Enquirer: 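Below is a structure I'd like to ask you about.
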There are 2 protein chains.
Amino acid sequence: METEDAVASLSALAQTHRLEVFRRLMSAGPDGLPAGELAAELSIAPNTLSSHLKILTHSGLVRARRVGRSIIYSVNFSGMQGLMSFLLRDCCQGRPEICEPLLSTAGQAACSPPHLPPDSLGGQPEKQKTHD
Amino acid sequence: METEDAVASLSALAQTHRLEVFRRLMSAGPDGLPAGELAAELSIAPNTLSSHLKILTHSGLVRARRVGRSIIYSVNFSGMQGLMSFLLRDCCQGRPEICEPLLSTAGQAACSPPHLPPDSLGGQPEKQKTHD
DNA sequence: CTTCTGTTTCCATAATTCGAGAATTATCGA
DNA sequence: TCGATAATTCTCGAATTATGGAAACAGAAG
């Protein structure tokens with residue numbers, strides 16, 4: 001993955017509606033969800049959602065398949081993996097202790113049973129005001 | 001982290017210059033780099049870079065500290081971790097086999113010595129460019 | 001063929017973002 | 001104090017993006 005592709009993927013996620021769609025598709029797993037159900041659940045106008053889904057699909061983070069007259073959208077996990085690898089590549093320059101906790105904590109958030117409250121993992125970003 | 005914060009972080013990364021800055025800071029590690037050096041290395045006008053750095057800092061992904069008359073920017077690893085946790089939260093709904101390879105592969109890209117070809121790690125990420 | 005449903009495309013408008021010139025602030029050394 | 005260096009803020013034109021109404025398209029059922 002190159003910078004240009006990564007920017008496309010990040011731009012795709014950098015919008016409230018699209019991020020909500022992506023996260024909903026994440027939780028839906030490989031089975032995905034039809035566009036109409038996404039629109040209803042997230043209260044987005046169908047045509048607006050359609051353009052957002054187009055952007056997500058075009059970025060490679062989401063894929064689409066037609067079933068009957070519905071179009072089912074789902075996360076493209078390998079696309080997501082490519083993005084994360086790109087963001088973290090060479091992050092620690094031979095010092096794995098720097099960025100490995102980053103991954104393990106994210107992994108805990110990701111692969112834990114869903115009934116775990118998110119705060120029990122301690123991942124609060126501190127918004128410090130230094131030279132802002 | 002909530003949707004709004006995540007959108008801010010993703011928007012911060014969803015721009016060529018800012019993504020390059022972020023990745024350069026990633027490779028620089030906790031020591032970081034002064035703004036001027038970033039500007040020179042990446043060929044970005046100082047004032048333009050400054051506004052980008054402000055956006056990155058405000059998003060919580062980057063932090064700044066003054067040293068003499070330089071301002072040193074570095075990655076805020078806990079901010080990055082918060083973003084990744086948010087993106088991956090509940091990704092597999094109790095089926096870790098779905099999203100765990102996603103993390104382990106990203107981890108290999110992240111915490112390996114630099115300049116290693118990907119296949120020397122045993123399993124390379126097969127980047128697929130699906131339809132749009 | 002006709003109708004209904006689900007989804008997308010086209011188009012116009014409103015809002016946001018990017019980049020750089022000019023001016024400003026902060027720090028250091030003499 | 002002054003001058004030089006490092007970085008930021010202000011501002012605005014140009015470009016991009018988000019949104020929804022109207023129309024069109026695709027498949028299913030009659």
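A note on names: the letters A, B, ... follow the listed sequences, proteins ahead of strands, and every chain is numbered from 1. What you are looking at is a predicted structure, and each value in this text was computed from that prediction instead of being measured.
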Enquirer: Do the side chains of A:Leu61 and A:Leu25 get nearer than 4.5 Å, heavy atoms only?
Expert: no
Enquirer: I'd like a table of atom pairs between the protein and nucleotides 11-17 of chain C - only N or O on both sides, under 3.5 Å - with the distance next to each one.
Expert:
none

Enquirer: Check A:Gly32 against A:Ser74 and note the closest heavy-atom contact, atom names and distance.
Expert: CA-CB, 3.7 Å
Enquirer: Measure the angle between the two terminal helix axes of the helix from C:dC1-D:dG30 to C:dA30-D:dT1, five base pairs each, and quote it to 10°.
Expert: 30°
Enquirer: I'd like a table of atom pairs between the protein and nucleotides 2-9 of chain C - only N or O on both sides, under 3.5 Å - with the distance next to each one.
Expert:
{"residue": "C:dT7", "atom": "OP1", "partner": "A:Ala35", "partner atom": "N", "Å": "3.3"}
{"residue": "C:dT7", "atom": "OP1", "partner": "A:Gly36", "partner atom": "N", "Å": "3.3"}
{"residue": "C:dT7", "atom": "OP1", "partner": "A:Ile71", "partner atom": "N", "Å": "3.4"}
{"residue": "C:dT7", "atom": "OP2", "partner": "A:Gly36", "partner atom": "N", "Å": "2.5"}
{"residue": "C:dT8", "atom": "OP1", "partner": "A:Tyr73", "partner atom": "OH", "Å": "2.2"}
{"residue": "C:dT8", "atom": "OP2", "partner": "A:Ser50", "partner atom": "OG", "Å": "3.1"}
{"residue": "C:dT8", "atom": "O5'", "partner": "A:Ser50", "partner atom": "OG", "Å": "3.1"}

Enquirer: Is A:Leu49 reachable from A:Ile55 through a run of I, L, V, M, F, W or Y residues, each pair having side-chain heavy atoms under 4.5 Å apart?
Expert: no
Enquirer: Give every residue pair that meets the side-chain hydrogen bond (donor to acceptor under 3.5 Å, both in side chains) criterion with at least one member in residues 8-19 of chain A, sequence neighbours excluded.
Expert: A:Arg18-A:His52
Enquirer: What is the separation between atom NE2 on B:His52 and atom P on C:dA20, rounded to the nearest whole Å?
Expert: 8 Å
Enquirer: Residues two or more places apart in sequence or in another chain: which of them pass side-chain hydrogen bond (donor to acceptor under 3.5 Å, both in side chains) with B:Glu41?
Expert: B:Arg24
Enquirer: Below 3.5 Å is the cut-off: list the nitrogen or oxygen pairs between protein and nucleotides 23-25 of chain D, distance only.
Expert:
none

Enquirer: Please list, chain by chain and in numerical order, all residues satisfying salt bridge (charged side-chain N to carboxylate O under 4.0 Å, His left out) with B:Arg23, sequence neighbours excluded.
Expert: none
Enquirer: A:Ala45: what forms a side chain to side chain contact (heavy atoms under 4.5 Å, CB included) with it, not counting sequence neighbours?
Expert: A:Asn47, A:Thr48
Enquirer: When you measure from the side-chain N and O atoms of B:His17 to the phosphate of C:dG19, is any distance below 4.0 Å, counting only OP1 and OP2?
Expert: yes
Enquirer: Determine whether B:Thr57 and B:Asn76 make a side-chain contact, defined as any pair of heavy atoms from C-beta on separated by less than 4.5 Å.
Expert: no
Enquirer: Under the side chain to side chain contact (heavy atoms under 4.5 Å, CB included) test, which residues partner A:Ser50, sequence neighbours left out?
Expert: none
Enquirer: Go nucleotide by nucleotide along DNA chain D from the 5' end; which of A:Gly68 and A:Ile44 gets its closest nucleotide reached first?
Expert: A:Ile44
Enquirer: For A:Ile71, what residues pass the side chain to side chain contact (heavy atoms under 4.5 Å, CB included) criterion, not counting sequence neighbours?
Expert: A:Ala64, A:Arg66, A:Tyr73
Enquirer: What closest approach, in Å, do B:Ala6 and A:Leu19 show between heavy atoms, and which atom pair accounts for it?
Expert: CB-CD2, 3.6 Å
Enquirer: In whole Å, what is the span from the CG atom of B:Leu38 to the P atom of D:dT8?
Expert: 10 Å
Enquirer: Under the side chain to side chain contact (heavy atoms under 4.5 Å, CB included) test, which residues partner B:Pro30, sequence neighbours left out?
Expert: A:Arg95, A:Ile98, B:Phe77
Enquirer: Other than B:Val67, which residues form its hydrophobic cluster under the rule that side-chain heavy atoms must be closer than 4.5 Å?
Expert: B:Ile72
